[in-house]
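When reading the values below, keep in mind they use all heavy atoms of this one structure, side chains included, and skip hydrogens, waters and symmetry mates.
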Amino acid sequence: MRDINKKGGLKVWMAGSLTLLLFCGFTAPKPPRRDAAPRTTTVRPNIIVFLVDDMGWQDTSVPFWKQMTDLNRRYHTPNMERLAKEGVKFTNAYATPLCTPTRTSLMTGLNVAHHRVTNWTSPNKDTSTDYPDTVLNQVAWNVNGLSPVAGVDRTIHATTLPALLSQQNYYTIHAGKAHFGSAGTPGSDPKNLGFRVNIAGSEIGHPASYLGEDNYDRPVNGKHNRNAVPGLETYHGTDVFLTEALTREALKALDVPVRNKQPFFLYLAHYAVHTPIMADKRFIDKYLKAGLDSTEAKYASLVEGMDKSLGDILAYLDAQKLTDNTVVMFMSDNGGLSTTPARGGKAHTQNLPLRVGKGSVYEGGIREPMLVRWPGVVKAGSVTDQYVIVEDFFPTILEIAGIQKPAIRQSVDGRTFLPLLKNPALRDTSRALVWHHPNRWIAAEAPLVSWASALRQGDWKLVYDHRTGALELYNLRNDIGEQQNLAGQQPQKLKSLAALLTNQLKRWDAQMPTFKKTGQPVRWPEDALIQPKQ
């Protein structure tokens, strides 16, 4: 178990200065009483996090680049378009390469190198999901995920976002994919993390089936599939698609705090658009008629079904007259899947112009579509180019909720982006974002979908290959596709970023794999510049 017990901090953007707010205290919050009578308030904003699984930066009709692309024209996401028109669009928003690391960062405010949940967690306790590798040994990462209590082996013990919100009388609802911890650990149940309501969330990372006709299950040898979606028996045997069932149940759950005039936090984390790629029959015909192959047509229907869910949420807020006092945050947990045969077409082209996809520290694996709407605070139709990362959601949401100096265990790495919501023109090019993936995610060989670290500062991005010791340098402003390695042309920039990445990884005590042949650890990035390759 990895147990962080330090004073934490919130870094806040301010015009012309950087202010540090200290979190004091070491005691983890007590879980909220389930039988406590709710206190009423109409002041604090409601907060909705709408999280999509495996949705790429290009899987939308909303362009997050300087121009529309053919992929933008492929997809139909009118409700994302509405959210962009009514809120702010983040063109440089990032997650981690994989799902559980991102979800852990969002719930704790910790960078992936810091919390050490660096790969997706298995439904089975104490089980690594790393594939064997011929060159590198696995690291002892936190295979059991996030834990709200101490003493659980190979977990990150941290104070969670919903627990803090619950303490302040927010009615907290989880709907959809959880995937915070392995079965048999406290983190596998969202209620243990501070959610009052849990709809269909467990240790599973994807559904066995999206179809109500299948009971959201695909039995194996007469037994329930380990990825059968729990808690949706009402829809078993019906034609209700999983995305629709989750949306209906989330809206039912919202009726309780709305009736009691209690602020709410809805974390709607869809299983879509993760595999198995299955057709949402409400939308697939248009994509088949457009000439897409069967797999890509099914994928596009999953995307549009997700967007329909977003529209239903926005319509509910309108009908209940809650729009003006509700913050809606849209995000994806990692880049779009680009491996075949799971996806149609040529491998690693599904996120173009971004390079590669899910599992990679290249832009295709980590850059995400992000939108935020908050009427009266966010200027409608605004755009920010400031880069942000998923752990920033934690301090931002706490600040939006008006929670000051909460008692938390961990030292928070994220920075609040609330100032960006108020002034999208703010810039901070000195901040460094870090990604760390000391794991082998898939069996197939692919460009840096395993064993890699990366850093972005300003327009510059450094990529470090653990297996080969190679360092690559890109200027994202001029080369968003990471095609022009400038390492040889910019030696000083390469050196400074390698030192910056090394210092941060060491500060977090990040894990580095070891070589099978020698038993020696992979060198730190700055050492790779001066030492011969292993």
Does one side chain, of Ser450 or His437, offer a donor that lies under 3.5 Å from an acceptor on the other? no
Between Thr121 and Ser182, a side-chain donor and acceptor under 3.5 Å: no
Expected output: side-chain Thr185 to main-chain Gly181 donor-acceptor under 3.5 Å: no
How far apart are the closest heavy atoms of Thr96 and Pro101, and which atoms are they? OG1-CB, 3.4 Å
With sequence neighbours left out, the residues meeting salt bridge (charged side-chain N to carboxylate O under 4.0 Å, His left out) with Glu86 are Arg82, Arg373
For Ser332, is there any backbone N or O sitting under 3.5 Å from a side-chain donor or acceptor partner on Asp53? no
Report the C-alpha distance between His274 and His179 in whole Å, list the side-chain angles of each, state the deciding distance to 0.1 Å, and finish with yes or no for ring pair (Phe, Tyr, Trp, His ring centres under 6.0 Å). CA-CA 13 Å; His274 198 292; His179 206 196; 8.3 Å; no
Between Ser61 (side chain only) and Thr77 (backbone N and O only), is there a donor and an acceptor less than 3.5 Å apart? yes
Test of understanding: with side chain to side chain contact (heavy atoms under 4.5 Å, CB included), list the residues that count as partners of Val88, not counting sequence neighbours. Phe90, Val372, Val378, Ser382, Thr384, Leu421, Pro424
For Ala269, enumerate each residue passing the side chain to side chain contact (heavy atoms under 4.5 Å, CB included) test, keeping only those at least two apart in sequence or located in another chain. Leu51, Arg103, Tyr267
Which is it for Asn92 and Gln386 under the side chain to side chain donor-acceptor pair (under 3.5 Å) test, yes or no, and what are the steps along the way? CA-CA 6 Å; Asn92 286 271; Gln386 175 62 47; over 6 Å; no
Ring centroid separation His436 to His466 under 6.0 Å: yes
Is the closest side-chain heavy-atom distance between Phe330 and Val52 below 4.5 Å? yes
Taking Pro419's backbone N and O only, do any of them form a donor-acceptor pair with Asn423's side chain (distance below 3.5 Å, no angle check)? no
Partners passing salt bridge (charged side-chain N to carboxylate O under 4.0 Å, His left out) against Glu391 (at least two apart in sequence or in another chain): none
Give a yes or no answer on whether the side chain of Glu526 reaches the backbone of Lys495 with a donor-acceptor pair at less than 3.5 Å. no
Side-chain donor-acceptor pair under 3.5 Å between Asp130 and Trp441, yes or no? no
Walk me through whether Lys461 and Glu363 qualify under salt bridge (Lys or Arg N to Asp or Glu O under 4.0 Å). CA-CA 10 Å; Lys461 183 175 173 187; Glu363 294 292 289; 2.8 Å; yes
Are Tyr387 and Gln457 linked by a side-chain donor-acceptor pair shorter than 3.5 Å? no
Indicate yes or no for a side-chain donor-acceptor contact from Asn475 to the backbone of Arg477 under 3.5 Å, with no hydrogens or angles considered. yes
Examine the side chains of Asn46 and Thr326 and answer whether a donor and an acceptor come within less than 3.5 Å of each other. yes
Does the side chain of Leu302 reach to within under 4.5 Å of the side chain of Met55, using non-hydrogen atoms? no
Side chain to side chain donor-acceptor pair (under 3.5 Å) assessment of Asp54 paired with Asn334: CA-CA 5 Å; Asp54 283 8; Asn334 49 247; 2.9 Å; yes
Yes or no on salt bridge (Lys or Arg N to Asp or Glu O under 4.0 Å) for Asp153 and Lys125, after CA distance, side-chain angles and deciding distance? CA-CA 10 Å; Asp153 191 42; Lys125 188 178 179 183; over 6 Å; no
Suppose we call two aromatic rings close when their centres sit under 6.0 Å apart. Are Tyr170 and Phe265 close by that rule? no
Check whether any side-chain N or O of Asp189 sits under 3.5 Å from a backbone N or O of Ser202 as a donor-acceptor pair, and report yes or no. no
How about Ser166 and Thr172: does a side-chain donor come under 3.5 Å of a side-chain acceptor? yes
Side chain to side chain contact (heavy atoms under 4.5 Å, CB included) evaluation trace for Ile156 with Thr104: CA-CA 9 Å; Ile156 175 64; Thr104 303; 3.9 Å; yes
When Val139, Thr155, Val143, Asn142 are each screened for side chain to side chain contact (heavy atoms under 4.5 Å, CB included) with Arg116, the one that passes is Asn142
By salt bridge (charged side-chain N to carboxylate O under 4.0 Å, His left out), which residues pair with Arg259, not counting sequence neighbours? none
Partners of Asp312 by salt bridge (charged side-chain N to carboxylate O under 4.0 Å, His left out), sequence neighbours excluded? Lys308
